[in-house]
Participant: 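Quick one: structure below, then a few questions.
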Amino acid sequence: MLMKEYRICMPLTVEEYRIGQLYMISKHSHEQSDRGEGVEVVQNEPFEDPTHGSGQFTEKRVYLNSKLPSWARAVVPKIFYVTEKAWNYYPYTITGEYTCSFLPKFSIHIETKYEDNKGCNDNIFDIELKDQEREVCFVDIAYDEIPERYYKESEDLRYFKSEKTSRGILQEGWRDTETPIMCSYKLVTVKFEVWGLQTRVEQFVHKVVRDVLLLGHRQAFAWVDEWIDMTMDEVREFERTIQEATNQKIGMFPPSISISKTPLSSCTLTGPASAPSTPMCTDAPESLSVPKDRPRKKSAPETLTLPDPVSSEALQGTSSNPSSVSNHLQSSTPPSNSDLAETGEE
């Protein structure tokens with residue numbers, strides 16, 4: 001198990017971001033859904049919890065076979081989806097359930113809290129988590145590097161200024177000077193209990209999750225002039241309309257069922273498991289490059305190097321072994337994205 005706490009600051013208030021994240025997730029999911037791939041909303045309705053009170057429950061199916069790295073596509077059915085379930089009790093959310101039938105012994109859990117500060121609360125999560133070993137990672141929406149294929153000049157917050165709020169341009173060190181400011185605290189736990197692959201896969205997944213979070217929060221602020229005047233009723237109506245259009249967009253071109261050339265054991269295809277979503281992002285034009293005048297932190301690698309694949313005979317021979325080798329996917333995507341669906345924000 002690998003646990004990290006991500007802290008992503010925004011030049012917004014917590015109340016403003018409540019609208020912004022709903023708008024961003026809906027728009028992003030629709031843009032990146034096409035011809036049978038994307039984010040389908042299965043359920044989105046009010047939910048009452050005895051502890052957290054009124055909230056919103058969302059179930060999504062993230063279709064993303066073409067988004068997988070090549071090493072994963074070699075052994076994964078060409079049609080599959082990841083199921084994501086999230087409970088939103090804003091300013092507290094839980095995205096604790098990802099399932100995918102082909103990937104055993106994998107789980108990811110995301111717990112999120114929002115506060116109006118610059119990421120200085122070291123005790124925001126439950127007291128029993130204090131003694132668990134975890135790394136705190138600050139994510140800078142303006143100066144951290146994103147994969148070049150996701151870059152858009154209009155979303156580069158080093159040069160963006162909001163016309164309606166007059167916020168931006170975000171200079172280096174902006175977290176100490178910008179007002180208002182809020183922080184998304186995200187506690188992400190990744191488990192991949194497969195001997196020989198656990199450490200590398202868990203580290204890779206965290207790098208992917210970080211990219212999903214970075215992309216989604218960048219877009220939420222870059223689109224601020226589109227949503228800043230919306231009420232909660234208006235953004236929920238926008239969300240409903242976009243969801244219907246997105247579901248229709250995916251359903252218009254259902255992918256045909258086919259299996260990759262590498263055979264899989266029957267238990268691998270049917271056993272219960274779980275997996276995270278990846279960012280649904282269209283590649284940027286080749287002529288578009290990221291400005292290099294200021295250094296950025298490194299983002300997730302494009303692929304994960306794994307040991308030589310086992311033969312189909314060996315794979316079938318170990319189908320009854322719970323430690324049999326599995327592969328992994330993907331900022332997605334999330335998020336994301338949708339991230340994403342912003343990795344659990346809904």
Side-chain angles (χ1 to χ4, degrees), residues 3-10 12-29 39 41-62 82-99 107-117 119 121 123-126 128-129 134 136-137 139 141 182-190 206 209-210 212-221 227 232 235-236 239 243 274 276-279 331-346:
M3 179 186 295
K4 292 189 179 184
E5 181 183 319
Y6 296 93
R7 301 181 186 181
I8 311 105
C9 291
M10 302 274 285
L12 302 167
T13 66
V14 169
E15 190 60 32
E16 287 172 339
Y17 187 62
R18 186 178 188 181
I19 304 290
Q21 63 146 335
L22 294 174
Y23 181 91
M24 176 272 296
I25 292 169
S26 298
K27 179 177 177 179
H28 178 88
S29 298
V39 181
V41 178
V42 178
Q43 192 174 354
N44 187 11
E45 60 187 27
F47 184 84
E48 193 73 24
D49 182 85
T51 302
H52 303 293
S54 300
Q56 194 83 3
F57 170 74
T58 307
E59 180 178 345
K60 298 178 181 179
R61 291 178 180 176
V62 185
V82 173
T83 298
E84 173 198 286
K85 295 183 180 180
W87 293 261
N88 186 351
Y89 309 103
Y90 199 88
Y92 172 67
T93 65
I94 303 172
T95 305
E97 190 172 339
Y98 291 87
T99 58
S107 66
I108 183 169
H109 182 275
I110 302 175
E111 186 176 353
T112 306
K113 292 186 178 182
Y114 307 94
E115 285 191 348
D116 286 311
N117 57 51
N121 189 347
N123 303 305
I124 190 169
F125 292 105
D126 293 339
E128 61 265 22
L129 296 172
R134 68 183 185 273
V136 175
C137 305
V139 178
I141 61 174
M182 60 155 288
C183 183
S184 297
Y185 294 83
K186 291 185 172 288
L187 188 66
V188 182
T189 303
V190 177
H206 267 286
V209 167
R210 183 188 171 281
V212 173
L213 297 177
L214 174 59
L215 180 62
H217 285 76
R218 281 168 61 97
Q219 290 180 328
F221 182 59
W227 58 260
M232 179 56 69
V235 78
R236 285 297 184 189
E239 183 182 47
Q243 286 173 359
S274 57
S277 59
T278 59
S331 253
S332 80
T333 198
S336 193
N337 255 218
S338 98
D339 331 57
L340 184 29
E342 224 229 323
T343 66
E345 294 186 30
E346 183 55 55

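Sequence positions, counted from 1, serve as the residue numbers for this chain.
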Participant: Atom CG of L214 and atom CZ of R218: how far apart are they, to the nearest 0.5 Å?
Facilitator: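 CZ of R218 is found 6.0 Å from CG of L214.
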
Participant: Can you name the nearest heavy-atom pair linking T112 to I110, along with the distance?
Facilitator: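 Shortest heavy-atom contact: OG1-CG2, 3.8 Å.
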
Participant: Testing V14, I8, T93 for side-chain contact (heavy atoms from CB on, under 4.5 Å) with S184, which one passes?
Facilitator: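 One option only clears the test, and that one is I8.
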
Participant: Compare every heavy atom of S26 with every heavy atom of E239, then report the nearest pair and how far apart it is.
Facilitator: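 Between these two residues, the closest heavy atoms are CG-OG, 3.3 Å.
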
Participant: What's the separation between atom CG in N121 and atom SG in C183, rounded to the nearest 0.5 Å?
Facilitator: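 Rounded to the nearest 0.5 Å, the CG-SG separation comes to 9.0 Å.
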
Participant: Evaluate the side-chain proximity of V139 to L213: yes if any heavy-atom separation is below 4.5 Å, no if none is.
Facilitator: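 They are not in side-chain contact.
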
Participant: By side-chain contact (heavy atoms from CB on, under 4.5 Å), which residues pair with E45, not counting sequence neighbours?
Facilitator: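 With sequence neighbours excluded, E45 shows a side-chain contact (heavy atoms from CB on, under 4.5 Å) to Q43, given in chain and number order.
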
Participant: Kindly indicate, with the supporting measurements, whether the criterion side chain to side chain contact (heavy atoms under 4.5 Å, CB included) is fulfilled by I25 and K60.
Facilitator: CA-CA 12 Å; I25 292 169; K60 298 178 181 179; 3.3 Å; yes

Participant: My understanding is that only residues two or more places apart in sequence, or in another chain, count here; which of them pass salt bridge (charged side-chain N to carboxylate O under 4.0 Å, His left out) with E5?
Facilitator: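 Here the qualifying residues are R7, R134.
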
Participant: For T51, enumerate each residue passing the side chain to side chain donor-acceptor pair (under 3.5 Å) test, keeping only those at least two apart in sequence or located in another chain.
Facilitator: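 Side chain to side chain donor-acceptor pair (under 3.5 Å) list for T51, sorted by chain: empty.
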
Participant: Please examine the side chains of H109 and L187, heavy atoms only from C-beta on, and report whether any two atoms are closer than 4.5 Å.
Facilitator: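 The answer is no, as the side chains (C-beta and beyond) never meet within the 4.5 Å cut-off.
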
Participant: Would you say the side chain of F57 lies within less than 4.5 Å of the side chain of K85, judging by non-hydrogen atoms?
Facilitator: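 The answer is yes, as the side chains (C-beta and beyond) meet within the 4.5 Å cut-off.
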
Participant: Please enumerate all residues that pass side chain to side chain donor-acceptor pair (under 3.5 Å) together with N117, with sequence neighbours excluded.
Facilitator: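 By the side chain to side chain donor-acceptor pair (under 3.5 Å) rule, N117 matches E115, Y185.
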
Participant: At what distance, to the nearest 0.5 angstrom, does CD of Q56 lie from OH of Y90?
Facilitator: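 Answer for the CD-OH pair, Q56 versus Y90, is 14.5 Å.
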
Participant: Side chains of M10 and Q21: closer than 4.5 Å at any heavy-atom pair?
Facilitator: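 No, too far: nothing below the 4.5 Å cut-off.
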
Participant: Do you know the tightest heavy-atom contact between S54 and E48?
Facilitator: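 For S54 versus E48, the nearest heavy atoms are OG-OE1, 2.9 Å.
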
Participant: Examine H217 together with Y17 and report whether their ring centres are nearer than 6.0 Å.
Facilitator: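 Aromatic pair counts; centres sit under 6.0 Å.
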
Participant: Listed by chain and number, what are the salt bridge (charged side-chain N to carboxylate O under 4.0 Å, His left out) partners of K113, not counting sequence neighbours?
Facilitator: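 K113 satisfies salt bridge (charged side-chain N to carboxylate O under 4.0 Å, His left out) with no residue once adjacent residues are dropped.
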
Participant: What closest approach, in Å, do E16 and L12 show between heavy atoms, and which atom pair accounts for it?
Facilitator: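 Where E16 meets L12 most closely, the heavy atoms are OE1-CA, 3.5 Å.
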
Participant: So among K186, R210, H206, which one has a side chain to side chain donor-acceptor pair (under 3.5 Å) with Y6?
Facilitator: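 For Y6, the side chain to side chain donor-acceptor pair (under 3.5 Å) test succeeds with only one of K186, R210, H206, which is H206.
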
Participant: Taking side chain to side chain donor-acceptor pair (under 3.5 Å) as the definition, give me every residue that meets it alongside Y23, ordered by chain and number, with sequence neighbours left out.
Facilitator: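 Testing Y23 for side chain to side chain donor-acceptor pair (under 3.5 Å), a comparison that skips the adjacent residues, returns E226.
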
Participant: Is the ring pair W87/F47 parallel, tilted or perpendicular, if the boundaries are 30 and 60 degrees?
Facilitator: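 Geometry flag for F47 against W87: perpendicular rings.
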
Participant: Just to verify, what does Y89 make a side chain to side chain donor-acceptor pair (under 3.5 Å) with, not counting sequence neighbours?
Facilitator: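 Scan of Y89 (side chain to side chain donor-acceptor pair (under 3.5 Å), adjacent residues dropped) gives none.
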
